[in-house]
Number of protein chains: 2
Amino acid sequence: MPTSPPADPPAARQRVQMADIARAAGVSKATVSRALSDSPLVSDETRARIRALAKSLRYTINLEARNLRRKDSRTVGVVLPFDSDTRRHLNDPFFLGMLGAVADALTVRGYDMLLTRVDAQQTDCAAQPFDTGRAIGIILIGQWRQHAQLNDLAARGVPIVAWGAQLPQQRYTTVGGDNVSGGMLATAHLIAGGRRRIAFFGDINLPEVAQRYRGYCNALAQHALPVDPQLRVSVPFVPGGGAQAVQELVRRAVGFDAIFACSDLLAMEAINTLRGQDRLVPRDVGVVGYDDIVLAAYYHPPLSTIRQPIGAAGELLVTSLLALVDGAQAPSVHLPTELIVRASAA
Amino acid sequence: MPTSPPADPPAARQRVQMADIARAAGVSKATVSRALSDSPLVSDETRARIRALAKSLRYTINLEARNLRRKDSRTVGVVLPFDSDTRRHLNDPFFLGMLGAVADALTVRGYDMLLTRVDAQQTDCAAQPFDTGRAIGIILIGQWRQHAQLNDLAARGVPIVAWGAQLPQQRYTTVGGDNVSGGMLATAHLIAGGRRRIAFFGDINLPEVAQRYRGYCNALAQHALPVDPQLRVSVPFVPGGGAQAVQELVRRAVGFDAIFACSDLLAMEAINTLRGQDRLVPRDVGVVGYDDIVLAAYYHPPLSTIRQPIGAAGELLVTSLLALVDGAQAPSVHLPTELIVRASAA
DNA sequence: GTGAAAGCGCTAACAT
DNA sequence: ATGTTAGCGCTTTCAC
């Protein structure tokens with residue numbers, strides 16, 4: 001035994017393994033393996049005996065070893081961006097919610113989830129859980145700017161699905177909300193409430209936000225309202241962004257009677273800031289947010305917003321990835337978005 | 001080659017592996033292994049050559065194989081309860097936030113996280129990631145009622161750390177907030193604001209809530225105020241719970257001028273419900289919540305609450321677990337809680 | 001400094 | 001129906 005250590009390492013090596021069961025049962029490892037995986041090649045009596053033994057010895061199969069041998073596993077990699085510049089901390093309610101939805105969808109199907117955070121700039125690291133053989137594929141949650149790098153990964157054959165907008169010449173699969181119609185719904189709702197000067201809060205360098213802006217413009221056009229570039233404030237998704245955006249609007253001295261904010265957090269910050277300026281929502285300014293995070297309903301005034309179907313998204317991200325892993329196609333999908341009417345834009 | 005399949009399986013087996021690098025470099029696998037793990041046993045020249053080759057071939061070591069051989073890994077299991085009765089969906093902002101904090105703490109230390117959801121009743125499944133050799137230890141996030149089962153796991157030698165209250169005769173490590181002082185801080189703050197009839201919203205069957213209730217009673221006693229059992233409403237942590245609790249109070253026809261709610265969500269629901277009854281917060285009723293979730297500051301009125309130090313908790317859960325894995329002791333810890341004064345209890 | 005070979009804990013031909 | 005044996009992709013003695 002060349003590799004056996006002189007003594008038991010610290011407290012390890014207590015773990016009972018298949019050979020122990022085999023010895024105790026007086027059979028070979030192969031039989032134990034078969035019994036434990038319900039192979040028809042083993043007699044009912046033996047199977048029962050072995051299973052009982054395994055249970056009483058608290059044996060659980062070593063999955064890493066099995067995976068190595070079978071070249072397969074039931075683990076999918078979920079990667080979240082780690083935006084080194086902006087918020088260090090993973091606390092965005094929407095993405096966290098999405099994470100929960102994906103976790104649920106995986107659990108239901110008997111898959112585990114290996115969660116990693118990678119620098120949003122270093123997208124090539126995203127495939128690491130796959131490359132290192134720990135995951136059968138990758139689900140990306142968050143805002144990923146590196147379109148080209150994701151294309152490379154897909155081209156390399158990494159099964160990968162991302163949450164986000166569908167882009168031209170995209171070789172990877174995305175699952176996203178229908179941002180254009182989301183933007184239209186929000187804007188049309190504000191217009192229907194009699195608002196005419198609708199500000200847009202969001203960074204249109206992000207593909208999803210750009211699409212929402214397109215929807216916003218469409219809705220204005222449909223009602224023969226002008227698109228005033230002064231009303232668009234490019235605000236990053238960081239705490240305090242909503243307050244800044246309102247102040248920017250004030251600084252520009254453009255009149256506005258409504259805001260369409262590209263996240264609920266942004267909307268709430270904006271409402272708070274407006275309140276500080278004695279402009280009440282919805283009386284003086286109508287506001288519509290985006291995402292319908294849990295807290296939107298709890299807010300005062302309850303926030304009208306565009307719901308992204310987070311549960312369906314989790315399911316679809318998972319089923320698409322599993323399809324990809326099976327070598328099948330997985331078309332990119334736009335999930336329908338929905339206007340949730342509450343009080344903030346009445 | 002008895003096990004080699006007739007043809008390449010679907011699209012797999014493309015993966016370049018160590019033997020490929022060895023062949024290409026004209027050395028043995030052993031040398032490649034050494035070069036890639038910075039062993040001093042290999043010449044600088046060879047190392048450089050091999051590393052370059054590996055990079056150009058996009059080789060990444062297969063971690064599962066390495067782990068199997070080395071009997072060690074850098075993955076920790078994080079398990080979240082899956083409360084089959086109440087909320088199916090993983091969307092509690094506080095636990096999700098905690099999950100984020102743990103993810104960050106692990107990332108910083110170069111560990112990965114294997115996330116699983118298990119039925120809150122079946123706590124013994126919680127050790128599965130460990131038992132199956134996929135994780136070196138387990139971090140439990142959420143409300144775990146099965147004290148005894150967790151003790152069993154710890155007794156079995158599973159390195160395990162849970163978020164939660166410290167209980168008598170506890171053999172596993174917990175990291176938790178200081179709930180007694182949290183309860184006192186909240187209650188004392190309400191008393192200081194002139195409130196005398198303070199309702200308590202929470203299910204004292206949960207250890208953490210029980211401790212908060214103790215703090216509540218302490219604070220009342222310190223100010224020579226009576227503890228009225230009619231003012232305690234046992235409310236589960238489910239959506240709609242806050243509204244129910246307020247209605248229950250009304251049904252009981254007990255007067256109250258303040259509420260201490262055991263979660264921010266509960267507090268917000270309560271405030272909304274009160275508003276529907278034309279009782280304004282803080283004018284008519286003072287409210288203090290618990291957790292200080294991100295949205296507490298955004299709420300209107302901004303919610304006074306007890307902050308649980310979620311970032312520190314994530315760090316501590318991780319360092320404690322890693323200590324345990326190293327065979328060291330990891331004492332249970334109470335993290336200090338903090339009163340965040342905003343407007344809801346002025 | 002490098003290679004040969006054994007083996008981590010399991011599975012799957014191939015025997016019997 | 002069960003046992004034997006040869007690996008999965010890697011690391012690590014041990015020998016040179």
Side-chain angles (χ1 to χ4, degrees), chain A residues 1-6 8-9 12-23 25-50 54 57 59-74 130-134 136, chain B residues 1-6 8-9 12-23 25-50 54 57 59-74 130-134 136:
Chain A
M1 279 208 257
T3 36
S4 84
D8 275 353
R13 183 55 275 259
Q14 245 78 285
R15 235 118 122 182
V16 25
Q17 51 193 74
M18 199 176 266
D20 301 325
I21 307 289
R23 201 174 317 113
V27 296
S28 71
K29 282 192 302 173
T31 302
V32 176
S33 173
R34 291 186 188 112
L36 260 28
S37 51
D38 269 328
S39 157
L41 290 173
V42 78
S43 78
D44 288 352
E45 185 268 325
T46 324
R47 184 192 354 272
R49 200 158 48 88
I50 291 178
L57 265 59
Y59 171 71
T60 40
I61 219 161
N62 182 322
L63 287 178
E64 302 239 304
R66 161 196 287 211
N67 290 345
L68 178 59
R69 172 66 227 227
R70 296 224 283 217
K71 293 179 155 208
D72 137 61
S73 86
R74 290 185 80 83
F130 174 80
D131 288 333
T132 56
R134 295 153 65 72
I136 57 176
Chain B
M1 280 207 254
T3 35
S4 85
D8 275 354
R13 183 57 275 260
Q14 244 78 285
R15 234 120 123 183
V16 24
Q17 51 192 74
M18 200 174 265
D20 301 326
I21 307 290
R23 201 172 318 114
V27 296
S28 70
K29 283 191 304 174
T31 303
V32 176
S33 172
R34 290 186 187 110
L36 260 27
S37 51
D38 269 329
S39 156
L41 289 175
V42 77
S43 78
D44 287 352
E45 185 269 324
T46 324
R47 184 193 351 273
R49 198 159 47 86
I50 290 178
L57 265 58
Y59 172 70
T60 40
I61 219 161
N62 181 322
L63 288 178
E64 303 238 303
R66 163 198 285 215
N67 290 345
L68 178 58
R69 173 66 225 226
R70 294 226 281 221
K71 291 177 158 212
D72 129 68
S73 87
R74 290 184 80 84
F130 174 80
D131 289 332
T132 57
R134 296 152 64 74
I136 58 177

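Hydrogens, waters and symmetry mates are skipped; everything else that's a heavy atom, side chains included, is used. Residue numbering restarts at 1 for every chain, and letters A, B, ... go by the order of the sequence lines.
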I want to check one thing: is the phosphate of C/dC10, taken as OP1 and OP2, less than 4.0 Å away from some side-chain N or O of A/Tyr59? yes

A/Asn62 CG to D/dC10 C1', in whole Å, measures 15 Å

When rounded to whole Å, the CD to P distance for the pair A/Gln17 and C/dC8 reads 8 Å

Please check if the side chain of A/Asp20 supplies one atom and the backbone of A/Val16 the other of a donor-acceptor pair under 3.5 Å. no

Separation of C/dT11 atom P from A/Lys29 atom NZ, nearest Å, is 10 Å

Between CG of A/Leu41 and C1' of C/dT11 the distance, given in whole Å, is 13 Å

(message) If you compare every side-chain N and O of A/Thr31 against the phosphate oxygens of D/dT2 (OP1, OP2), does one of them come in below 4.0 Å?
(response) no

Taking D/dC10, C/dT11, D/dT2 as options, the one with an atom nearest any side-chain atom of B/Arg66 is D/dC10

Whole-Å distance, B/Glu45 CD to C/dT2 P, equals 8 Å

Testing C/dC10, D/dT12, D/dG9 for proximity to the side chain of B/Ser33, the answer is D/dT12

Sorted by chain and residue number, the salt bridge (Lys or Arg N to Asp or Glu O under 4.0 Å) partners of B/Arg34 (sequence neighbours excluded) come out as none

Of the listed C/dA4, C/dT11, C/dC14, the closest approach to the B/Arg34 side chain comes from C/dA4

B/Ile21 atom CD1 is separated from C/dT2 atom C1', nearest whole Å, by 18 Å

- Any donor-acceptor pair under 3.5 Å joining the side chain of A/Arg69 to the base of D/dG9? no

Margin query: Within the 4.0 Å heavy-atom criterion, would you say B/Thr46 contacts the bases, only the backbone, or no part of the nucleic acid?
Written below: sugar-phosphate

Note to self: Using side-chain heavy atoms (C-beta onward) and a distance below 4.5 Å, is B/Thr46 in contact with B/Asp44?
What the structure shows: no

Between the NZ atom in B/Lys71 and the CD atom in A/Glu64, the distance rounded to the nearest 0.5 Å is 13.0 Å

Of B/Val42 and B/Arg70, the one whose closest nucleotide on DNA chain C sits nearer the 5' end is B/Val42

Is the phosphate of D/dG9, meaning OP1 or OP2, less than 4.0 Å from a side-chain N or O of A/Lys71?
yes

Distance col, row A/Ile61:CD1 vs B/Thr132:OG1, nearest 0.5 angstrom, shows 10.0 Å

Atom CG of B/Asp38 and atom P of C/dG1 are separated, to the nearest Å, by 15 Å

Ranking D/dC10, C/dG3, C/dG9 by distance to the side chain of A/Leu68, first place goes to C/dG9

From CG of B/Leu36 across to P of D/dC10 the rounded distance in Å is 9 Å

Can a donor-acceptor pair under 3.5 Å be found between the side-chain atoms of B/Arg47 and the base atoms of C/dG1? no

By nearest-heavy-atom nucleotide on DNA chain D, the more 5' of A/Ala30 and B/Ser37 is A/Ala30

Contact class for A/Leu63 vs. all strands (heavy atom < 4.0 Å): base, sugar-phosphate, or nothing?
nothing

- Is any side-chain N or O of A/Ser43 closer than 4.0 Å to OP1 or OP2 of D/dA1? no

Establish, yes or no, whether the cationic atom of A/Arg15 lies under 6.0 Å from the six-membered ring centre of A/Tyr59 and within 45° of the ring axis. no

